[in-house]
There are 2 protein chains.
Amino acid sequence: MRRISDNDLLNHYIVKHHIENIFDKDILKHAQLHFYEKEEYILEAGSNLEYYYLLVDGKIKVSYPFENGKSMLLKFYREFNSIGDLELLKNILILCDIDAIEDTYLIAISSEILRKEYLDNVKFLHHLIDSLSEKLYATINNGSYNFVYPLINRLSSYLVEHITDKNYIVLHSSYIEIAQFLGTTYRHLNRTLKELESKSIINWENKRIYIVDEDRLRELAKNLYMKSL
Amino acid sequence: MRRISDNDLLNHYIVKHHIENIFDKDILKHAQLHFYEKEEYILEAGSNLEYYYLLVDGKIKVSYPFENGKSMLLKFYREFNSIGDLELLKNILILCDIDAIEDTYLIAISSEILRKEYLDNVKFLHHLIDSLSEKLYATINNGSYNFVYPLINRLSSYLVEHITDKNYIVLHSSYIEIAQFLGTTYRHLNRTLKELESKSIINWENKRIYIVDEDRLRELAKNLYMKSL
DNA sequence: TCCTTAGCATGACATATGTCATGTGCAAAT
DNA sequence: ATTTGCACATGACATATGTCATGCTAAGGA
């Protein structure tokens, strides 16, 4: 993480995403701009929420870890979205793991300051309601996908979300981590990648995955994890 | 459904659940008291939200239906809880099916009136935030259970939730409906009931299920669906 | 150089769950 | 009385996924 001290850029994002509709100017005095590079982790479940974040540029992935060490992909977020609503409001430890999957800019505001001074600010309350209801809606929808669709669909969706302008994807996590992220085992992930390969949808060479048939991949993906954004 | 015109009872519930902390008196003038008997359906996914409800007495179950006709048990609610937040706020069709599983009293307030006149009421906004964040928290937790635990656990939980003071449970839905509700097939539900029977945890006779070993049943249940209340 | 270990690959098998076909009994319709 | 249909029961088989054991290879110590 790098803290970016470029006020012009900060203001650019504030204007671009109409953040003055959310926070009054005196709150925005506390706003910082944080930068995370691709593949950097942003938040870890179980730790304390130091900042309430607004995702203003880039892309992140959110997953929920279980007791047994497994986890479940919840969704991918692009700008504009907020991070930490629930933890801020209920004053609980962070629920989800969050990683940047592209270079990402976040506006960060101290959660302590927000809790102490701005939890009755009507603008902010309206924003929280919007954000919470959006997330609840998405979560109800999404939880169902993990339940209903087999791994080949979730994996396809995962790959689609990582497509760049190149014709291949470079995976930066270990396969074990990716499996956990998708809520399955390494063994089954491996099997399913092989299956995609045998169907000539991808070609697979170490950590580099060539997209052979993007159309069929997208068809399998059914836009699962981004659908409700 | 019966509309109950007993103002004393209505006021009793208003006092009991501190509803004046949620709604100002002028909103409460619109409050009605609705009664649903055990096994009666309350809301159907896809229909319009006529009232915003506060569950003040009884017990209901909430399930989310998929495109393919299957559905997933989301959770059981007891008093005190609100129903329809999301649909009220986002002005969408009802997302979940809701059934009473005990005799249930709801305070009902016209969603049209709330939308038109009270969506800026600060008390109400605070209540919505509480309710939404509680539900989001519960849903994130819960979705995981369906994903992680096999049917025998979810079924046990379902049975535990239906325990009365008798030593047996009478099922009032068809097995097909129960299977859909638990997100599985009739075939597998049948198999799993047989499994519970073979382990001498239940005894099974038509629609009547005798609880032979409640302790082991509760152990299997892990309090899944009520846990996060 | 040799040993150790992490990350990866893969076969064999077990379990959870779905699909399908078929059978049975009862109640409503003809 | 016969037919029809629905809820329920059950075997056989298929698929999705997990568990375990085993082997391979490359990188980093000792």
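Letters A, B, ... are given to chains in the order of the sequence lines, protein chains preceding strands, and every chain is numbered from 1.
Under 4.0 angstrom from either OP1 or OP2 of D:dG18 there lies at least one side-chain N or O belonging to A:Thr184. Put simply, A:Thr185 has no side-chain N or O that comes within less than 4.0 Å of OP1 or OP2 on D:dT17. Between B:Lys194 and D:dT10 there is a side-chain N or O to OP1 or OP2 distance below 4.0 Å. B:Tyr186 has no side-chain polar atom (N or O) that falls below the 4.0 Å cut-off from OP1 or OP2 of D:dC8.
Distance alone, capped at 3.5 Å, is enough to place a donor-acceptor pair between the B:Glu40 side chain and the B:Glu37 backbone. A donor-acceptor pair under 3.5 Å is formed between the side chain of A:Asp97 and the backbone N or O of A:Ala45. Distance alone, capped at 3.5 Å, is enough to place a donor-acceptor pair between the B:Asn153 side chain and the B:Leu220 backbone.
Straight-line distance from the CG atom of A:Leu151 to the P atom of D:dT15: 17 Å, rounded to whole Å. Rounded to whole Å, the distance from CD on A:Gln180 to P on D:dT19 is 12 Å. Following rounding to the nearest Å, B:Asn190 (CG) and C:dT19 (P) show an atom-to-atom distance of 16 Å. Atom OH in A:Tyr149 sits roughly 19 Å away from atom C1' in D:dT17 (whole-Å rounding). Protein atom CG of B:Leu189 is 16 Å distant from nucleotide atom C1' of C:dT19, rounded to whole Å. One interatomic measurement links the two molecules: CG of B:Leu182 to C1' of C:dT17, which rounds to 14 Å at whole-angstrom precision. Following rounding to the nearest Å, A:Ile178 (CD1) and C:dG7 (P) show an atom-to-atom distance of 13 Å. Here the P atom of nucleotide D:dT17 and the CZ atom of A:Arg154 are 6 Å apart, to the nearest Å.
Checked against a 6.0 Å centroid threshold, the rings of A:Phe147 and B:Phe147 do not count as neighbours. Remark: aromatic rings of B:Tyr105 and B:Tyr36 are distant, center separation not under 6.0 Å.
Closest to the A:Pro150 side chain, of the nucleotides C:dG18, D:dA16, C:dT10, is D:dA16. Listed nucleotides C:dT17, D:dT17, D:dC8 differ in distance to B:Tyr175; the shortest reach to its side chain belongs to D:dC8.
Ring geometry for B:His17 versus B:Tyr13: interplanar angle under 30°, hence parallel rather than tilted (30 to 60°).
Salt-bridge formation is detected for the pair A:Glu102/A:Arg78: a Lys NZ or Arg NE/NH1/NH2 atom is positioned less than 4.0 Å from an Asp or Glu carboxylate oxygen. With salt bridges taken as basic N to acidic carboxylate O contacts below 4.0 Å, one links A:Glu195 and A:Lys199.
Counting heavy atoms from C-beta outward, A:Leu189 and A:Leu182 have side chains that approach closer than 4.5 Å. Side-chain atoms of A:Asp99 and A:Ile42, non-hydrogen and from C-beta on, never get closer than 4.5 Å to each other.
Judged by the 6.0 Å and 45° rule, A:Lys207 forms a cation-pi pair with A:Tyr175. A cation-pi geometry, defined here as NZ or CZ lying under 6.0 Å from the six-membered ring centre and within 45° of its normal, holds between B:Lys59 and B:Phe76.
In the interface, the side chain of A:Arg191 is paired with the base of D:dG18 through a donor and an acceptor atom under 3.5 Å apart.
In this structure, the helix from C:dT1-D:dA30 to C:dT30-D:dA1 shows an angle of 10° between the axis at its start and the axis at its end, each fitted on 5 base pairs and rounded to 10°.
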Self-check item: Sequence-aligned protein contact record of nucleotides 21-28 of chain C, with B where the base is within under 4.0 Å of a protein heavy atom and S where only the sugar-phosphate is
Solution: --------

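Only A:Trp204, A:Lys207, listed by number, bring a heavy atom of residues 195-207 of chain A to less than 4.0 angstrom from any atom of DNA chain C.
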